[in-house]
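Structure first, commentary second.
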Amino acid sequence: MNRSGLSRRQWIAGAFSILPAWGASRPQGLLIDTHIHLFSEDQKRFAYHPEAPYKPPAQPLEAYAEFIRQSKIDHVIIVHPEPYQDDHRYLEYCFAKEPSPGFFKGTCLFDPIAPETPSRMEALVRRNAGRIVALRVHQMRKPGSPPATGGAIKDRDMAHPAMKTTWRKAADLGLAIQMHFLPYYATQIAPLASEFSGMPVILDHLGRAGQGRPEHFAEVLKLARNPRVYMKYSAVRYSSKEKSPFRDAKPLVRRAFDAFGPDRMIWGGLGHNMDQFGEAVEVFNVMFDFASETDRAKIRGLNAKKLYKF
């Protein structure tokens, strides 16, 4: 017995009971992860781009496929990551080696103000019929700093005439625009979202709600007025100052739900292994404990099935 009068076995059981329980079981119903990055181990065949903003460790398809077998996720959107820039060869490799036919779809990344982008985007879409679902656009520079005109594909001027040309081509190709942005830039997204109101616009990572002033997030929520703008519930940690399950971000999640409704929220970032998956499920359950099971099922997969045409 220890000083508290508990046996060692009782003490250990009690200690573990206060730790996060990431052993959550797979939710019932359709499960679609709308946001995963994959990185090859083979840096000779699939080298990171010279302009890569970061160079992550490998997270290869082969290991991910085993996780998919264990987790029983139904479909996945591969978000083509910045380290590859406009080189989509590994994305296409993943399509060719997917766990089951039609399992993957993916986003693309091109310089949205480059004159050759519309034709390059069309060639990629035609080469991968039914697989490319969105063009991802990054607006992550410090508020007030000038937009970039070269270098890594990010932070281009949203008001540049070529930006509108690229959005128009994406719409013609049946793609969405996927915005990865700081809340400050919501007001620059709004005019394009209104002009191209028939094209889906997907807001990544809860609009990074916690990385801006309250008035900036208010502008993000105003984007919900356009019925084709969707909020992606993912990377909620970006909007939290706490450890998982990030309870301080829950009011932001609720505000997003109230603005976009259960039919225009999707879920992403379910992890690369079962520990990460269990945590993601637990955090989802905490964040959406106010919602009905019907609405939660929509966010977990039914909305994504409709949006991405699985």
Side-chain angles (χ1 to χ4, degrees), residues 24 26-36 73-75 77 79 134 176-187 189-190 193-194 197 200-271 277-308 310:
R26 182 198 186 281
Q28 295 294 315
L30 189 68
L31 198 58
I32 298 178
D33 189 346
T34 65
H35 201 109
I36 200 72
I73 293 173
D74 294 292
H75 287 288
I77 301 296
V79 175
I177 295 292
Q178 184 166 315
M179 291 299 311
H180 178 220
F181 66 105
L182 296 177
Y184 175 86
Y185 294 100
T187 56
I189 298 169
S194 295
S197 59
V201 176
I202 300 159
L203 309 179
D204 274 352
H205 301 333
L206 198 65
R208 288 184 174 258
Q211 294 182 302
R213 298 174 185 165
E215 60 267 30
H216 296 155
F217 186 52
E219 294 298 328
V220 174
L221 297 180
K222 287 180 183 178
L223 294 172
R225 296 172 181 174
N226 186 315
R228 294 291 279 162
V229 176
Y230 293 76
M231 176 61 78
K232 183 186 293 179
Y233 165 76
S234 59
V236 69
R237 66 186 183 279
Y238 294 152
S239 298
S240 173
K241 295 180 181 179
E242 299 180 1
K243 295 181 179 180
S244 187
F246 316 118
R247 293 182 187 277
D248 60 328
K250 189 172 180 178
L252 299 174
V253 174
R254 181 59 189 263
R255 290 180 66 193
F257 179 91
D258 289 344
F260 289 87
D263 297 310
R264 286 191 290 140
M265 291 192 77
I266 56 178
W267 189 16
L270 277 65
F277 178 71
E279 179 180 1
V281 171
E282 289 289 347
V283 175
F284 181 97
N285 291 340
V286 168
M287 292 295 160
F288 291 98
D289 62 2
F290 61 85
S292 70
E293 177 54 26
T294 297
D295 289 345
R296 287 148 65 102
K298 291 178 180 179
I299 298 168
R300 290 195 299 255
L302 295 175
N303 292 340
K305 179 182 179 181
K306 182 177 180 181
L307 174 62
Y308 296 113
F310 278 114

query = Does the side chain to side chain contact (heavy atoms under 4.5 Å, CB included) test come out yes or no for I189 and V229, once each step is laid out?
reply = CA-CA 11 Å; I189 298 169; V229 176; over 6 Å; no
task = If the plane angle is over 60° it's perpendicular, under 30° parallel, otherwise tilted; pick one for W267 and Y233.
result = tilted
query = How would you list, by chain and number, every residue that makes a ring-ring contact (aromatic ring centres under 6.0 Å, His included) with H205, sequence neighbours excluded?
reply = H35, H180, Y238
inquiry  = Within the 4.5 Å heavy-atom criterion, are F288 and R300 side-chain neighbours or not?
reply    = no
inquiry  = Donor-acceptor pair, distance only, cut-off 3.5 Å: does the side chain of N303 make one with the backbone of I266?
reply    = no
key: Shortest non-hydrogen contact from G207 toward P183   = O-CG, 3.3 Å
query = Do side-chain atoms of S240 reach the backbone of A249 as a donor and acceptor pair under 3.5 angstrom?
reply = no
ask   = Can you list the residues that meet the side-chain contact (heavy atoms from CB on, under 4.5 Å) rule with K305, with sequence neighbours excluded?
value = L30, I32, F310
inquiry  = I'd like to check V220 versus R208 (side-chain heavy atoms, cut-off strictly below 4.5 Å). Are they in contact?
reply    = no
remark   = Residues at least two apart in sequence or cross-chain that pass ring-ring contact (aromatic ring centres under 6.0 Å, His included) with Y308, listed by chain then number, are none
ask   = About how many Å separate CG of L252 and CG of L221, when rounded to the nearest 0.5 Å?
value = 8.5 Å
inquiry  = Nearest 0.5 angstrom please: L302 CG to K306 NZ, how far?
reply    = 10.5 Å
inquiry  = Using side-chain heavy atoms (C-beta onward) and a distance below 4.5 Å, is V253 in contact with L206?
reply    = yes
request  = Quick one: closest heavy-atom pair of D263 and Y230, and the distance?
outcome  = O-CE2, 3.9 Å
ask   = Heavy atoms, side chains only, cut-off 4.5 Å: are M287 and F257 in contact?
value = no
key: Residues that D74 engages under side chain to side chain donor-acceptor pair (under 3.5 Å), provided they are two or more places apart   = R26
request  = Starting at CG of L307, measure out to OG1 of T34 and round the result to the nearest 0.5 Å.
outcome  = 8.5 Å
Partners meeting salt bridge (charged side-chain N to carboxylate O under 4.0 Å, His left out) with R213 (sequence neighbours left out) = E215
key: With R264 via salt bridge (charged side-chain N to carboxylate O under 4.0 Å, His left out) - residues at least two apart   = none
key: Rounded distance (nearest 0.5 Å) linking atom NE2 of H216 with atom OG1 of T187   = 8.0 Å
Sub-4.5 Å side-chain heavy-atom contact between M179 and Y185 = no
ask   = side-chain contact (heavy atoms from CB on, under 4.5 Å) with A190: which residues, sequence neighbours excluded?
value = L223
note = Taken in chain and number order and not counting sequence neighbours, the residues that satisfy salt bridge (charged side-chain N to carboxylate O under 4.0 Å, His left out) with D248 are none
ask   = Between N226 (side chain) and A193 (backbone), is there a donor-acceptor pair under 3.5 Å?
value = yes
query = Sequence neighbours excluded, which residues qualify as side-chain contact (heavy atoms from CB on, under 4.5 Å) partners of P251?
reply = none
Taking every non-hydrogen atom, the tightest pair across S239 and A209 = OG-N, 3.1 Å
key: With A134 via side-chain contact (heavy atoms from CB on, under 4.5 Å) - residues at least two apart   = T107, A176, Q178
ask   = Within 45° of the axis and under 6.0 Å from the centre of the six-membered ring of F290, does NZ or CZ of R254 qualify?
value = yes
ask   = Is the closest basic N to carboxylate O distance between K250 and D289 below 4.0 Å?
value = yes
key: Heavy-atom pair of closest approach, residues A259 and A224   = O-CB, 3.5 Å
ask   = Taking only residues two or more places apart in sequence or in another chain, which ones pass salt bridge (charged side-chain N to carboxylate O under 4.0 Å, His left out) with K222?
value = E219
key: Pairs where residues 224-244 contributes a residue and the test salt bridge (Lys or Arg N to Asp or Glu O under 4.0 Å) is met, not counting sequence neighbours   = D204-K232
remark   = Heavy-atom closest pair (D33 atom, G271 atom, distance to 0.1 Å) is OD2-N, 4.1 Å
